[in-house]
Amino acid sequence: MKRYFRLVFILFFGLTLQSWGFYTHRIINQHASYSLPLEMSPFFKRYAYEIQKKSVQADQRVYVDPDEGARHYIHLDNHNNIHDSLIIPWYKLDKHSLQRDLLKQGIIPWQIDLTYRKLVNAFSQKNSAKIIQHASDLGHYMADAHVPLHTSSNYNGQQTNQHGIHALWETRLPEMFIPSYNLIVGKPEYTSDVLHFAWETVRASHALLDSVFYLEWQTSQQIAAYRKRSYIVKNYLLQLDYSDEFCRHYHQAMQGMLERRIKASIRATASLWYSAWIDAGQPMMNELTAGANKINKDWRFSLFIQKGHEDWY
Ligand SMILES: [Zn+2]
């Protein structure tokens with residue numbers, strides 16, 4: 001009986017987790033696949049289902065791996081300055097105490113670089129399962145790096161009395177407005193310095209932070225308090241959230257910022273997948289397409305038990 005309740009709990013918990021941010025991450029990985037060159041696209045088309053499903057696993061690992069959380073953000077406001085000696089691969093930051101200090105503020109640029117190296121290795125080894133895993137994770141971290149609120153210690157508006165702005169920006173608005181976006185992004189570009197690219201991305205996100213907060217505050221001034229929030233149905237539950245009216249006004253006030261960040265995420269993801277394939281010596285992708293059934297089976301059974309991922313390297 002106990003086991004039955006545990007199973008019900010895991011299923012419920014799993015479904016709840018799956019819906020958090022799932023939609024946007026899935027869309028980003030899906031559209032990144034569309035812009036790949038002909039040599040790569042058959043593989044990414046064939047495993048589109050797995051790559052989209054796995055796009056959210058990095059968030060699910062947060063609940064089983066205490067080290068995972070810091071890989072999704074960086075609190076740039078808590079860094080006095082970002083000097084060049086910091087912009088080196090994680091393993092070269094040899095002072096242990098420095099690494100420990102950095103972990104407290106989040107390490108997403110290094111995580112993008114590390115995941116990229118894993119993807120290059122996976123392409124070199126022509127290992128389909130690892131390519132799918134690391135490409136999916138890379139898309140996830142890259143998408144997170146494009147969210148301004150992933151670059152600040154005020155990530156949920158808790159310091160400015162704007163509680164809930166994180167889910168508003170990352171989940172509620174994309175779910176409302178992505179269907180109206182044109183997500184065609186054109187060809188991916190080769191990137192030779194991935195760590196630099198990751199830092200440029202978080203800096204660009206951070207530069208938008210003032211607007212994200214100010215426009216939310218401004219919209220709140222323009223809409224009567226009782227109309228700012230309303231009950232909406234989410235995951236079959238009635239929940240108090242930002243009202244549709246507030247979301248429309250805020251989205252309008254941002255003048256396309258959300259669409260531009262999502263498109264930039266798609267382009268950056270495709271560019272890193274493409275660059276990793278180039279760096280691995282452009283392996284013939286039609287040699288990698290065997291073993292779909294095994295991968296389908298593997299990812300389902302490993303969804304809740306992945307602890308760390310050093311062994312995937
Ligand atoms: Zn994340």
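Whatever order the structure lists them in is the order used to number ligands and atoms, beginning at 1. Quick note: numbers below take in every heavy atom, side chains included, and nothing from hydrogens, waters or symmetry partners.
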Enquirer: What pair of heavy atoms forms the shortest contact from R26 to S55, and how long is it?
Expert: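 Residues R26 and S55, closest heavy atoms: N-OG, 3.4 Å.
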Enquirer: Where do H249 and F246 land on the ring pair (Phe, Tyr, Trp, His ring centres under 6.0 Å) test, with the steps shown first?
Expert: CA-CA 5 Å; H249 276 81; F246 181 90; 8.2 Å; no
Enquirer: How is the N/O/S atom of D144 that comes nearest to the Zn ion (ligand 1) named?
Expert: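 Nearest N/O/S atom: OD2.
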Enquirer: Could you check whether R172 pairs with D244 (Lys NZ or Arg NE/NH1/NH2 to Asp/Glu carboxylate O, under 4.0 Å)?
Expert: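 Salt bridge: yes.
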Enquirer: Give the name of the N/O/S atom in H140 that lies closest to the Zn ion (ligand 1).
Expert: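 It is NE2, the N, O or S atom of H140 closest to the Zn ion (ligand 1).
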Enquirer: Tell me, please, if H72 has any N/O/S atom, main chain or side chain, under 2.8 Å from the Zn ion (ligand 1)?
Expert: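 Checking H72: at least one N, O or S atom is under 2.8 Å.
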Enquirer: Decide whether S35 and R267 meet the rule of one side-chain donor and one side-chain acceptor closer than 3.5 Å.
Expert: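 There is no such pair (donor and acceptor under 3.5 Å, judged by atom type) between the side chains of S35 and R267.
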Enquirer: For the Zn ion (ligand 1), what is the closest N, O or S atom on D59?
Expert: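 Atom name of the closest N, O or S in D59: OD1.
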Enquirer: Quick check: does H150 have an N/O/S atom under 2.8 Å of the Zn ion (ligand 1)?
Expert: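 It does not: H150 brings no N, O or S atom closer than 2.8 Å to the Zn ion (ligand 1).
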Enquirer: Among H140, H150, H25, which residue satisfies the ring pair (Phe, Tyr, Trp, His ring centres under 6.0 Å) criterion with H72?
Expert: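 Of all the options given, the one that passes is H140.
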